[in-house]
Amino acid sequence: MDAAVQSIEGGFADPVFNAQTVFRAVMDAMARPGSVQPLPAFARPPAPLSATAGAIALALCDNDTPLWLDPALQSSAAIRSWLGFHSGAPLANTPADAHFAFVATPAEMMALDGFSQGTQDYPDRSTTLILQVGDLASGAPLLLEGPGIETSATIAPARMPRHFVEQWKQNNQRFPRGVDIILATADGIACLPRTTRIKTMEA
């Protein structure tokens, strides 16, 4: 299939309903960090952009939200044109310019502080990172505490960035600035807002 056809197909079948469903799942996951919100495969983007990450892009991104793509995604002309056609979002020149960053290979990604951290006056201008992870059970367990979590929650996302817990502690220290993270699996999402604290669970 050529890139032009690929860029047009695979969007939301019911744009309003699908976008609302995805948006609600993201809001629920942000409100209850560590909870897993199921998400049907509403979108069919070109690989290696996952169906879940593609649906998030279509629900949250528009022509006012510059996107940054990691090298695995950036190298695909089909992905760039698919996102442009379905969301209208421009590509950011640098990670620090991005409202949303899509990362297909989190284990190889750059440090969190390279993305926009927002400002003290406008902390919402930071980057939200969408990390494609294989699952939320086979990686190193992360014990989560903070707002929206009754006592604690545990998730174990696969193939996370190197030194992630240490980077996340630094992200906490920048509050109210800092990045938020959406973890996207094949069938759902979980979120790590900047207010969530992570403790590693030592074996």
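Side-chain atoms are counted along with the backbone in the values below, which use heavy atoms only and exclude waters and symmetry mates.
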Between D70 and T105, do the side chains contain an N or O donor and an N or O acceptor separated by less than 3.5 Å? yes
P141 and A156 have their tightest heavy-atom pair at CA-CB, 3.8 Å
Please check if the number of heavy atoms outside E150 that lie under 6.0 Å from its CD is greater than 12. no
Which residue pairs pass the side-chain hydrogen bond (donor to acceptor under 3.5 Å, both in side chains) test with at least one member in residues 25-37, sequence neighbours excluded? S35-Q37
Between the main-chain N or O of P40 and the side-chain N or O of D187, is there a donor-acceptor pair closer than 3.5 Å? no
Could you tell me whether the side chain of L69 reaches within less than 4.5 Å of the side chain of R80, counting heavy atoms only? yes
So do the side chains of L142 and F164 get within less than 4.5 Å of each other, counting heavy atoms only? yes
Starting at CZ of R162, measure out to CD of Q167 and round the result to the nearest 0.5 Å. 9.5 Å
Between T65 and P90, is any pair of side-chain heavy atoms under 4.5 Å apart? no
When rounded to the nearest 0.5 angstrom, what is the spacing between CG in L58 and OG in S87? 6.5 Å
So OG1 of T195 and CE of M30: to nearest 0.5 Å the spacing works out to 9.0 Å
Side chain to side chain donor-acceptor pair (under 3.5 Å) with S126: which of R194, R174, H99, Q117? R194
Do any N or O atoms from the side chain of S116 and from the backbone of R125 form a donor-acceptor pair under 3.5 angstrom? yes
Starting from the C-alpha separation in whole Å, work towards a yes-or-no answer on side-chain contact (heavy atoms from CB on, under 4.5 Å) for L131 and R159. CA-CA 10 Å; L131 308 187; R159 300 193 297 278; over 6 Å; no
Before giving the answer on side-chain contact (heavy atoms from CB on, under 4.5 Å), spell out for M109 and F115 the whole-Å C-alpha distance, their side-chain angles and the decisive distance to 0.1 Å. CA-CA 11 Å; M109 72 178 258; F115 295 95; 3.9 Å; yes
Could you tell me if the side chain of M110 sits less than 4.5 Å from the side chain of W68, heavy atoms only? yes
Sole candidate of I130, I182, T128, V22 that passes side chain to side chain contact (heavy atoms under 4.5 Å, CB included) when paired with L60: I182
Considering only heavy atoms from C-beta outward, does the side chain of P33 approach that of C191 to under 4.5 Å? no
Under the criterion side-chain contact (heavy atoms from CB on, under 4.5 Å), I'd like the reasoning laid out for I155 against L192: C-alpha separation, chi angles, the key distance, then a yes or no. CA-CA 10 Å; I155 55 172; L192 296 172; 4.3 Å; yes
Report whether F17 and M27 are members of the same hydrophobic cluster (ILVMFWY, side-chain heavy atoms less than 4.5 Å apart, transitive linking). no
Any idea which heavy atoms bring W168 and V179 closest together, and the distance? CH2-O, 3.7 Å
Residues T185 and G134: closest non-hydrogen pair is CB-O, 4.3 Å
Which heavy-atom pair separates G178 from N171 by the least distance, and what is that distance? CA-OD1, 3.3 Å
Between L136 and V36, is there a side-chain heavy-atom distance shorter than 4.5 Å? yes
Before you tell me yes or no, could you show the steps for L183 and M160 under side-chain contact (heavy atoms from CB on, under 4.5 Å), namely the whole-Å CA-CA distance, both residues' side-chain angles and the distance that decides it to 0.1 Å? CA-CA 10 Å; L183 301 169; M160 288 293 277; 3.9 Å; yes
To the nearest 0.5 Å, atom OG1 of T21 lies from atom CG of L39 at 8.0 Å
Give the minimum heavy-atom separation between A184 and I56, together with the two atoms involved. CB-CD1, 4.4 Å
Distance (rounded to the nearest 0.5 Å) between K199 NZ and E145 CD: 4.0 Å
Trace of the side-chain hydrogen bond (donor to acceptor under 3.5 Å, both in side chains) decision for S138 with D135: CA-CA 7 Å; S138 70; D135 60 68; 2.9 Å; yes
Nearest heavy atoms of Q74 and L91, plus distance in Å: OE1-CD1, 4.1 Å
Measure the shortest side-chain to side-chain distance between T154 and L144 over non-hydrogen atoms and say whether it is less than 4.5 angstrom. no
Compare all side-chain heavy atoms of C61 with those of L67 and state whether any distance is below 4.5 angstrom. yes
